[in-house]
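Naming convention: chains lettered A, B, ... in sequence-line order (proteins, then strands); numbering from 1 in each chain.
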Number of protein chains: 2
Amino acid sequence: MQPPETVPSEDETQGKGFVSDYLLYLLAAASEAASAQFHAHVRTHGLRVPEWRVLAWLHDRDGAMITRLARISLIEQSRLTRIIIQMEERGLVIRKGDTRDRRRVRVHLTDKGRQIAEQLVTDARAHETALLAQLEGGDGARLKPALAALLARLDPDGQTRGEPDA
Amino acid sequence: MQPPETVPSEDETQGKGFVSDYLLYLLAAASEAASAQFHAHVRTHGLRVPEWRVLAWLHDRDGAMITRLARISLIEQSRLTRIIIQMEERGLVIRKGDTRDRRRVRVHLTDKGRQIAEQLVTDARAHETALLAQLEGGDGARLKPALAALLARLDPDGQTRGEPDA
DNA sequence: CCAAATTATATGAATTTTCATACTTATTGC
DNA sequence: GCAATAAGTATGAAAATTCATATAATTTGG
């Protein structure tokens with residue numbers, strides 16, 4: 001058995017309860033908390049979070065099709081269709097039918113869209129650096145690999161990640 | 001300069017891009033992926049995710065007020081008000097005005113609500129155990145502490161956590 | 001080559017969610 | 001003790017989101 005010191009003092013006030021040490025909650029809460037500031041910044045550019053995600057992915061790889069963009073951007077497909085239409089109306093992206101497979105619609109950044117995407121990606125990089133720097137000890141360094149490992153395990157085909165052609 | 005082997009082979013296909021290694025994305029995607037299965041299970045009980053979160057918190061500490069429940073359950077206040085009303089209509093919770101501070105509304109589990117909450121918490125524990133077991137190496141063990149550290153840093157007052165009285 | 005199944009996107013309609021703000025009760029500073 | 005401010009909850013109305021399904025284009029199997 002392990003010595004008791006490894007346990008966070010079983011009743012630091014009364015035992016803490018289930019949720020506050022529950023992995024799925026920690027993930028959701030950490031995601032929210034970590035993103036709050038930057039998402040507020042995104043909104044100052046007149047974008048909602050899903051729109052920023054779309055721009056960021058297109059920045060990495062332009063001309064993605066709707067379904068794929070939906071998967072990796074964590075947005076339901078019919079919602080993304082409408083979001084893309086709005087973004088097109090605002091001149092951020094354009095849609096082009098895929099000539100090989102005419103069911104597909106490919107989404108491309110406009111110059112305006114690319115400009116915003118590049119600015120925000122730059123800002124995001126800076127924000128991430130600052131955030132990781134705040135985590136003393138190994139925690140900051142360990143976090144990304146641990147998350148990546150979790151994702152890889154849960155989504156072996158990279159449906160949710162940047163896989164070239166999943 | 002570092003030897004190149006420490007770098008993830010700069011063009012494993014073309015360089016991967018920004019998003020797929022961006023902390024805020026990894027957090028959001030990992031949260032989604034990790035929760036997908038269990039959230040589906042929650043829905044089979046006729047509950048939406050926010051409702052499950054409310055039940056889980058009340059399971060830990062009954063009689064929370066709306067504002068606080070909203071913060072820790074990651075739900076916007078006016079939305080939670082309506083969700084609580086719906087849950088009350090379905091007999092999962094009851095609202096009681098706080099007699100000390102008559103602005104406050106305290107939410108309590110009904111027997112029915114508590115029964116569902118307990119069942120789901122049990123299921124959640126089992127699911128979490130299974131999930132962590134899948135992560136070989138130290139990743140599983142390191143993940144929760146790293147997330148907790150991130151949260152603690154971003155939310156020192158425990159507004160988002162189970163603090164007895166934040 | 002054709003019918004059946006599958007994939008990609010779009011859309012109607014109901015429901016949810018958001019945002020701003022109203023209302024009520026408490027707290028603070030004078 | 002009172003006016004001003006803050007805190008807690010609720011609510012109308014606009015907007016977003018979901019769900020099921022339609023439509024169109026491809027792929028598969030025989």
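For the pair B:Asp60 (side chain) and A:Phe18 (backbone), a donor-acceptor distance under 3.5 Å is present. Between the side chain of B:Lys96 and the main chain of B:His108, no donor-acceptor pair closer than 3.5 Å is present. Between the B:Glu88 side chain and the B:Arg95 main chain, a donor and an acceptor come within less than 3.5 Å of each other.
If A:Ile83 and A:Thr99 are placed on DNA chain D by their nearest nucleotide, the residue sitting closer to the 5' end is A:Ile83. Along DNA chain C, the nucleotide nearest to B:Ile75 and the one nearest to A:Met65 differ in position, and the one closer to the 5' end is contacted by A:Met65.
Between the side chain of B:Arg82 and the base of C:dT15, no donor-acceptor pair under 3.5 Å is found. For D:dA10, its base sits under 3.5 Å from the side chain of B:Gln77 at one donor and acceptor pair at least. Checked by distance alone, B:Arg103 brings a side-chain donor or acceptor within 3.5 Å of a matching partner on the base of D:dA7.
At whole-Å resolution of the value, CD in A:Glu76 and C1' in C:dT11 are 12 Å apart. When the C1' atom of D:dT18 is taken as reference, atom NE2 of B:His39 falls 17 Å away, rounded to whole Å. Regarding A:Ile84, its CD1 atom lies at a distance of 16 Å from the C1' atom of D:dT17, rounded to whole Å. Remark: C1' of D:dT17 and CD of A:Glu51 are 14 Å apart, rounded to the nearest angstrom. Rounded to whole Å, the distance from CG on B:Asp98 to P on C:dT24 is 19 Å. Taking atom CZ of residue A:Arg43 and atom C1' of nucleotide C:dC19, one finds them 12 Å apart after rounding to whole Å. For A:Leu74 and D:dT17, the CG to P distance is 14 Å, given to the nearest whole Å. Note: NZ (B:Lys96) to P (D:dT9) measures 16 Å, nearest angstrom.
Applying the 4.0 Å criterion to OP1 and OP2 of C:dT15, one finds that B:Arg79 has every side-chain N and O outside that range. Proximity of B:Arg104 to the phosphate of D:dT9: no side-chain N or O atom is located under 4.0 Å from OP1 or OP2. At the phosphate of D:dT11, neither OP1 nor OP2 sits under 4.0 Å from any side-chain N or O atom of B:Thr81. For the OP1/OP2 pair of D:dA10 and a distance below 4.0 Å, the side-chain nitrogens and oxygens of B:Arg95 include at least one atom meeting the criterion.
Of the candidates D:dA10, D:dG8, C:dA10, C:dA10 carries the atom nearest the A:Val105 side chain, counting heavy atoms from C-beta on. Checking C:dT16, C:dT25, D:dT26 against every side-chain atom of B:Asp101, the shortest atom distance belongs to C:dT25. When the nucleotides C:dA10, C:dT11, D:dG8 are ranked by their closest atom to the side chain of A:Ser78, C:dT11 comes out on top.
As judged by a 4.0 angstrom heavy-atom cut-off over every strand, A:Arg100 is placed among residues touching the sugar-phosphate backbone only.
Taking CG from A:Leu120 and NE2 from A:His41, the interatomic distance works out to 5.5 Å, rounded to the nearest 0.5 Å.
The number of heavy atoms from other shown groups lying within 6.0 Å of CD (A:Gln37) does not exceed 12.
Between A:Arg48 and A:Glu51 there is a salt bridge, since at least one side-chain N of the basic residue sits less than 4.0 Å from a carboxylate O of the acidic one.
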